[in-house]
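Here the structure comes first, spelled out in structure tokens, and everything after it is commentary.
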Amino acid sequence: MRSAIKAGSIPGLRASHYRVMSLIPKDGIRLTELAERAAVTKAGIGQFMKYLERGGYVGIAPDPADKRAKVVTLTAAGSAAVDLSRHIIAETERSWSEALGAERYRELRRSLSELASLTTGNGR
């Protein structure tokens with residue numbers, strides 16, 4: 001998987017960048033809401049977005065409904081990066097499913113989802 005990501009990835013972007021950009025809807029999102037979705041601090045999401053804005057992956061503008069708030073949207077380059085990451089993930093999942101077989105792969109996904117819910121505070 002690492003080689004597929006490395007071969008298809010965009011220089012300067014890490015997995016965390018792709019993940020956060022994938023949380024941005026087409027019509028944009030307030031930075032505070034994005035921070036909640038990404039489970040990071042407001043300051044952290046601000047730093048992320050400034051980096052991505054400098055790279056041309058997102059645009060940041062005042063919220064028309066509340067000029068104190070900022071709205072972030074994906075640029076064409078940001079959308080392309082998200083599409084690339086989704087393609088790499090889909091290809092990786094297909095490869096893993098073929099290697100493990102359908103039932104073992106479903107069990108892997110269930111187990112990983114359970115572990116993820118424990119680490120995000122949504123679990124038991």
Can you tell me how far [atom2] of [Y] sits from [atom1] of [X], rounded to the nearest 0.5 angstrom?
X      : Y     : atom1 : atom2 : answer
Ile88  : Tyr18 : CD1   : OH    : 6.5 Å
Ser79  : Leu84 : OG    : CG    : 12.5 Å
Met21  : Leu34 : CE    : CG    : 11.0 Å
Thr73  : Glu53 : OG1   : CD    : 9.5 Å
Arg106 : Ser97 : CZ    : OG    : 8.0 Å

- Backbone N/O of Glu107 and side chain of Ser111: donor-acceptor pair under 3.5 Å: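 Answer holds: yes.
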- Message: Has Thr75 got a side-chain atom pairing as donor or acceptor with Tyr57's backbone, closer than 3.5 angstrom?
- Response: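 Flag set: sc Thr75 to bb Tyr57 pair under 3.5 Å.
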What heavy-atom pair brings [X] and [Y] nearest, and what distance separates the two atoms?
X     : Y     : answer
Ala77 : Gly56 : CB-O, 3.7 Å
Val20 : Ala38 : CG2-CB, 4.3 Å
Ser22 : Val82 : N-CG2, 3.9 Å

Can you tell whether the side chains of [X] and [Y] come within less than 4.0 Å, N to carboxylate O?
X      : Y      : answer
Arg30  : Asp63  : yes
Glu91  : Arg94  : yes
Glu114 : Arg110 : no

- Heavy-atom check, side chain of Thr41 versus side chain of Ile45, under 4.5 Å: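 No. Closest side-chain heavy atoms not under 4.5 Å.
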- Do the side chains of Ile24 and Val71 join up, straight or via other hydrophobic residues, at under 4.5 Å, putting them in one cluster?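 No, it is not one cluster - the side chains of Ile24 and Val71 are not joined through contacts under 4.5 Å.
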- Task: Is it possible for you to say whether Val72 and Val40 belong to one hydrophobic cluster, with membership spreading through side-chain heavy-atom contacts below 4.5 Å?
- Result: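 Yes, one cluster joins them.
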- Item | Residue pairs involving residues 20-29 (criterion salt bridge (charged side-chain N to carboxylate O under 4.0 Å, His left out); sequence neighbours excluded) |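 Of all non-adjacent pairs touching residues 20-29, none passes salt bridge (charged side-chain N to carboxylate O under 4.0 Å, His left out).
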- Task: Verify side chain to side chain contact (heavy atoms under 4.5 Å, CB included) between Glu93 and Arg109, making sure each step is shown before the conclusion.
- Result: CA-CA 10 Å; Glu93 289 182 345; Arg109 297 232 356 141; 2.6 Å; yes
- Message: Which residue is it: Lys50, Met49, Arg54? I am looking for the one with a side-chain contact (heavy atoms from CB on, under 4.5 Å) to Leu52.
- Response: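 Of all the options given, the one that passes is Met49.
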- Task: For the pair Arg37 and Ile29, evaluate side chain to side chain contact (heavy atoms under 4.5 Å, CB included) and give the outcome as yes or no after the intermediate values.
- Result: CA-CA 10 Å; Arg37 284 188 185 186; Ile29 187 170; 3.6 Å; yes
- Please check if the distance between the ring centroids of Tyr51 and His17 is under 6.0 Å.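 Yes - the distance between ring centres of Tyr51 and His17 falls below the 6.0 Å cut-off.
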